[in-house]
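By convention in this document, chain letters (A, B, ...) are assigned in the order of the sequence lines, proteins followed by strands, and residues within each chain are numbered from 1.
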Amino acid sequence: MKRLKITIPLLLCLLSATVHAQGILGGHVTGNVQADAQLCRADSVIGAEAVEEIMRMNARADILYTNGDFSAGLRFEMYQNPLLGFDPRYKGQGLANYFVAYNTKRLSVTAGNFYEQFGSGMILRTYEDRYLGLDNSLLGLNLTFRPWDGVTLKALAGKQRYFWDYGEGLVRGIDGEVNFNSIIKSMQDSKFRATVGAGFVSKYQPDETITLLDDPEYKLVLPKNVGAASVRADLGYGGWSLQAEYARKGQDPWTYNDYIYREGEAIMLNLGYSQRGFSAGIQAKRIDNMGFKSMRGVSGEMLFINYLPAITKNHTYAFLAMYPYATQVNGEQGLQGDVMWKIKKGTLLGGKYGTDLHINSSVVTGLVTDSIGGRGTEGYTVKGGVGDLYYGDVSIEVSRKLSKSVKAALTYAYQVFNPKVENEIGPLHHNNIVIADVSWKVNKKHSLRFETEWLGSDSHYDASEPAPDMRAGDWLMGLVEWNIGTHWFVTASDQYAYRDGVGNYPSVNVGYTHGATRLQLGYGKQRKGIICIGGVCRPVPASNGLTFSLTTSF
Amino acid sequence: MKKILIALMGVMGLMSLMGCDKIEPDANGRYAVFAGSAATWTDGTPIANPVQHAYVEKYTGPICNNCPDADRTLEAAHTQFGDTLVLVSVNSKDNTLGAPGPDSPDMRTEDGAIWEDFWNIQSIPAAYINRSGSVYTSSMADISAGIRAAINESPVVALEGSVSGSSEISVDVNLQFIQAYTNPVTLTLVLTQDSLRYFQIDGTQPVYDYVHNHMLRDVITDVWGADIDCTGAVGECRKATFRFTLPDGMEYWHVVALVSDKESRRVLNSVQCN
């Protein structure tokens with residue numbers, strides 16, 4: 001991508017002009033701006049390093065112009081320099097995304113950067129997540145045709161964003177989906193709901209020389225075109241629902257699977273039931289060599305064509321999220337069960353105001369495989385059975401209103417974590433976690449929230465390891481959040497490793513919200529670790545310093 | 001507009017559906033080929049008596065009734081010119097004339113098909129000398145003159161080769177530029193086999209144990225050769241060693257080395273290494 005060098009003042013002028021240009025040419029302009037800055041200082045205890053430039057900043061501005069069926073947008077991004085933990089290849093600034101689109105009831109056309117998903121994403125999902133530093137948008141053409149209500153056909157072609165450039169791999173795809181409740185008149189009011197779909201994605205990448213490790217005079221015969229296909233169904237009857245998708249991928253030797261030629265496959269099943277006050281679901285997933293990138297030699301999270309959804313709960317409490325699970329694209333299988341029950345008020349368990357009960361459990365293991373060679377071979381065969389335990393957890397959350405002004409939630413969780421999922425070696429970690437979360441609405445203007453967390457782990461901090469796990473040991477955490485009116489909030493928290501661990505991570509934040517604008521200033525320490533969203537992760541280095549954040553939309 | 005877009009969707013869909021390559025493994029279960037360019041070229045040794053060889057690449061087939069005449073002509077030339085004539089017989093990819101006869105192995109090769117396509121061979125038998133000049137067909141009665149002329153040329157490159165090992169073989173190649181040559185040059189190593197007995201139509205007669213010699217079995221390097229790391233200056237000597245695993249139980253095999261112009265693919269010199 002030709003990076004456009006736009007200076008900050010020019011951008012601000014542009015934004016300023018645009019903000020006041022709503023209604024221009026009969027159209028409508030919307031947008032949002034976000035800036036996150038960080039001042040870093042060294043802290044040898046937690047392993048934080050000072051940065052030369054003292055302050056680092058990630059900033060972006062999205063502008064969208066809409067006029068009837070026509071829309072156009074652009075996104076300016078600036079990483080001067082990228083915040084700690086973000087890939088340094090983002091360093092720079094310029095237009096990272098631009099498109100024009102035409103949307104009618106029957107037809108949608110997008111030229112430029114676009115995001116698209118086929119089914120659950122197991123063969124194609126392009127998306128961006130600013131907190132992961134991930135953007136795999138396609139630059140090209142995306143067509144959607146809806147010849148009848150309930151029938152959707154998609155076709156796309158393009159190249160994926162790769163920091164400030166585009167990968168050389170060309171991605172082509174088609175997808176079709178039929179909703180029978182829409183196309184069959186007699187089913188329109190039926191309790192039975194059915195949608196089926198199928199998609200095919202192919203990537204092209206020119207040949208390159210990749211030699212065998214044990215015999216470098218031999219080079220791999222690489223497939224230049226790699227295809228992946230999936231079929232899916234989404235069925236429902238009354239409160240029941242069943243989503244199923246099966247995907248298969250052709251020979252795709254690439255860096256993550258060490259250039260083996262085994263074909264990939266993945267299956268996902270999701271069975272759910274819900275009624276008023278109660279819902280339950282069970283999810284099963286099996287992945288075998290299903291990572292799919294548009295460039296075979298690129299590691300990291302960029303340039304993934306597909307997305308393999310995580311089967312573990314995306315926890316939000318700090319200690320529950322301390323050991324997040326990263327999807328193992330080379331092979332994993334797992335189950336997740338989830339039950340939510342709203343116990344009626346006035347009952348023994350429900351109390352005066354009712355009680356919410358949420359139980360979730362998941363287990364993920366590896367596949368049982370027999371190696372039949374390394375690079376340049378089929379790689380392995382899969383036997384039935386259950387492989388190494390990668391991750392398991394069970395969490396029980398009970399939340400209840402104790403009075404008109406006090407609400408409390410109590411959570412207990414047990415986790416088993418295998419360092420192997422982070423490419424580390426070591427024994428399984430077994431964690432017990434207890435969390436108490438109490439909110440108190442003091443009066444109309446003030447409210448307080450208290451959060452206390454405890455994590456007991458059998459892991460131990462070992463400074464002699466090449467990369468000691470800063471999360472190891474037993475931890476305590478306290479947090480107080482004070483909301484003043486609708487504009488201000490103040491939080492203070494501390495995480496402390498009181499046994500077998502190291503580190504004390506205090507943090508203070510002050511925020512101000514006005515309309516769609518939010519400012520936040522904080523000071524604190526960040527523990528080295530890993531952040532995962534939906535099974536996709538990035539490392540977070542230790543840091544100590546001031547943080548500033550601004551978000552606004554118009 | 002809508003029709004154009006729908007047609008575009010169809011084209012994109014077709015492009016996608018066609019986009020999946022299937023790679024077949026070799027006999028060892030490896031999806032790899034010899035990367036000739038991976039061999040390291042180092043300074044070689046001068047060659048005392050440079051000899052210009054004639055390389056004849058002949059396209060043949062078991063159901064080709066005129067091919068045995070060409071074989072006889074070339075065997076006679078081989079007797080006449082000795083080792084200065086280097087022969088390689090390529091079984092045509094043609095589904096009729098090149099197809100295997102009764103109880104016969106299929107001698108067609110992917111590499112041979114690539115060469116055949118490149119030279120646009122329309123009928124067999126057909127032969128080239130040094131991959132340049134006229135194509136010889138039918139009984140090739142006039143090919144001796146061409147071979148003699150090729151042998152009498154002053155060599156641009158002197159070439160010698162040797163083979164050691166039996167199953168895992170090493171091919172040592174040494175060359176010297178006798179004349180300056182500035183175009184990029186490549187080295188192609190070809191595996192051939194003699195004394196193969198299988199079906200052949202000879203004129204109108206089926207011969208079930210016809211003796212096939214110089215048959216192409218594999219190209220050890222990339223199909224058009226490995227780059228030779230050299231400047232092409234007069235007197236420059238370069239050498240390299242290539243390794244290769246022979247198919248199990250292979251007998252009467254030879255390795256032929258060709259030094260070629262990378263662009264025109266004309267063979268500058270050749271040698272049978274064993």
Side-chain angles (χ1 to χ4, degrees), chain A residues 102 104 106-109 124 140-145 147 153-158 170-176 199-204 209-212 214-229 249-253 259-261 263 372-379, chain B residues 1-41 110-111 114 165 167-173 187 189 218-227 240-245:
Chain A
Y102 176 72
T104 66
R106 296 289 177 215
L107 198 64
S108 300
V109 183
L124 182 127
L141 193 62
N142 187 16
L143 307 174
T144 302
F145 182 45
L153 304 170
K154 296 176 182 175
L156 59 84
L170 177 62
V171 179
R172 295 83 44 106
I174 52 169
D175 186 77
F200 184 85
V201 176
S202 166
K203 67 127 180 201
Y204 166 78
T209 298
I210 295 164
T211 59
L212 295 178
D214 56 349
D215 201 347
E217 291 182 347
Y218 281 79
K219 69 173 187 179
L220 302 182
V221 183
L222 295 167
K224 298 179 197 70
N225 297 281
V226 178
K249 184 182 64 141
Q251 293 169 327
D252 184 20
Y259 296 98
I260 62 168
Y261 283 69
E263 294 185 351
I372 53 171
R375 177 181 291 193
T377 71
E378 279 287 312
Chain B
M1 178 66 176
K2 194 180 280 184
K3 284 179 181 172
I4 293 170
L5 288 170
I6 293 166
L8 193 56
M9 284 181 80
V11 170
M12 290 163 75
L14 274 175
M15 281 168 55
S16 303
L17 286 169
M18 289 187 294
C20 194
D21 297 341
K22 175 76 177 170
I23 311 296
E24 297 297 335
D26 63 17
N28 299 316
R30 298 197 304 191
Y31 297 83
V33 293
F34 191 88
S37 57
T40 304
W41 289 91
E110 286 184 16
D111 296 320
I114 292 169
S167 174
E168 288 275 346
I169 61 169
S170 290
V171 183
D172 296 305
V173 178
L187 178 88
L189 294 179
D218 201 355
V219 178
I220 295 173
T221 54
D222 287 352
V223 66
W224 293 112
D227 291 345
T241 299
F242 296 82
R243 289 190 296 111
F244 184 69
T245 304

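In this structure, the separation between CG on A:L222 and CG on B:D21 is 10.0 Å, given to the nearest 0.5 Å. The distance from the SG atom of B:C20 to the CD atom of A:E263 is 7.5 Å, given to the nearest 0.5 Å.
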Where do A:E378 and B:R30 land on the salt bridge (charged side-chain N to carboxylate O under 4.0 Å, His left out) test, with the steps shown first? CA-CA 8 Å; A:E378 279 287 312; B:R30 298 197 304 191; over 6 Å; no
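Two residues are said to be in side-chain contact when any heavy atoms from C-beta on lie closer than 4.5 Å; A:P223 and B:I23 meet this criterion. Between B:D222 and A:K219 there is a side-chain heavy-atom pair separated by less than 4.5 Å.
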